[in-house]
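Since the structure comes first, as structure tokens, the remarks are kept for the end.
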Amino acid sequence: MYKTEKRKCGELFTRYRNNPILSASDWPYCVNSVFNAGATIVGDETLLLVRVEDRRGISHLTVARSKDGFSDWKVDSEPTFVPDPENYPEDIWGIEDPRITKLDEGDIWGITYTSYSAGGPLVSLATTRDFRQFKRLGSMTHPENKDAALFPCRFKGRWAMIHRPSTTFNLGAHIWISFSPDMTHWGEHRILIPARSGAWWDANKVGLNSPPLRTEEGWLILYHGVRQTAAGSLYRLGLALLDLDNPGKLIRRSDEWVFGPDQVYERMGDIADVVFPCGWVLDEKKDEIRLYYGAADTVMAVATASFKNVMNYIKSCPKVDVS
Ligand code: BMA
């Protein structure tokens, strides 16, 4: 027998021993897969807004709640937030991959998600106060664009959003930032984290994962790099740090990926070799980040890291030269 275990290189994240935490068999109704959930804390519970793909291939979002954030998930008995193509034609082929941001102003969450329109995926926005009723603000971008999240606060009076437009130019799908006075009209678009090129793990295509996490050192960013191989796409995760007052400024970026497909549930499923978080939760008292991620576009899993270790790691990563 040959060894298949990869050498562990001081991994920052530790997978929960009972992964996966949610799968189609846990669902109260018949579905194909449950993955790529947004995450937040509501009261004393961890709330996941899970992407659920039905057996037509169309996705909607359903809430799952847990007291400890690991086990005993209570799943809404019916879909919580569904596509509304009659009023929002961009939802025609479903809604996917929600990112949840608790806004500093008001007791309200902003949810960015992908609407799968006839012209390709684009970014939509909704708000909620309770994850039962949602107010739709409609599409924020034209296609193709996805992997978006709001920052929780305004910068010099304007909201900020990270997103990932796709173009055919130079093979590059980069992470962008834009600003808005009203959360609807977005402008001042610029590249924030460019895809690298050649053999790099994050060559040609990158995108935001969990929403920006506010820390004393800056905004902590988790993003994916997609490596195209003869066997398909390989999704891995890296970290970056943005200036706290000026989030358009990238300060540091990890050269190496910090998390990638390894376990069977990440390497086998509808889409092999994908780890795809849309949410994370910081428990400062426990010094714990809980990273919620879709595995192989099939199930939900969670991994934890020491927040201190993550910050020490990103502070040791190369400074980005923007000159
Ligand atoms: C991305 C997104 C994710 C998905 C990933 C891997 O483009 O669409 O929803 O998890 O591809 O298939």
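Counting starts at 1 for both ligands and their atoms, in listed order.
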Less than 3.5 Å between some nitrogen or oxygen of Asp297 and one of ligand 1, yes or no? yes
Which of these passes side chain to side chain contact (heavy atoms under 4.5 Å, CB included) with Tyr293: Trp280, Phe259, Tyr235? Phe259
Write out the residue and atom name of the closest protein heavy atom to [atom], then the distance separating them to 0.1 Å.
atom	answer
atom 11 (O) of ligand 1	Tyr235 OH, 3.1 Å
atom 9 (O) of ligand 1	Asp97 OD2, 2.5 Å
atom 8 (O) of ligand 1	Lys146 NZ, 3.0 Å

Atom indices of ligand 1, in the order listed, that fall short of 4.0 Å to a heavy atom of Arg51: 9 (O)
Which of the numbered atoms in ligand 1 are under 4.0 angstrom from any heavy atom belonging to Asn36? 3 (C), 4 (C), 9 (O), 10 (O)
Output the distance between atom CG (Leu61) and atom CG (Asp76), rounded to the nearest 0.5 Å. 11.5 Å
Give me the ring orientation class for Trp257 and Trp201: parallel if the planes are under 30° apart, tilted from 30 to 60°, perpendicular past 60°. perpendicular
Is there a side-chain contact between Pro165 and Glu144 (heavy atoms, below 4.5 Å)? no
Passes ring-ring contact (aromatic ring centres under 6.0 Å, His included), Phe276 versus His224? Steps please. CA-CA 8 Å; Phe276 203 93; His224 57 271; 4.8 Å; yes
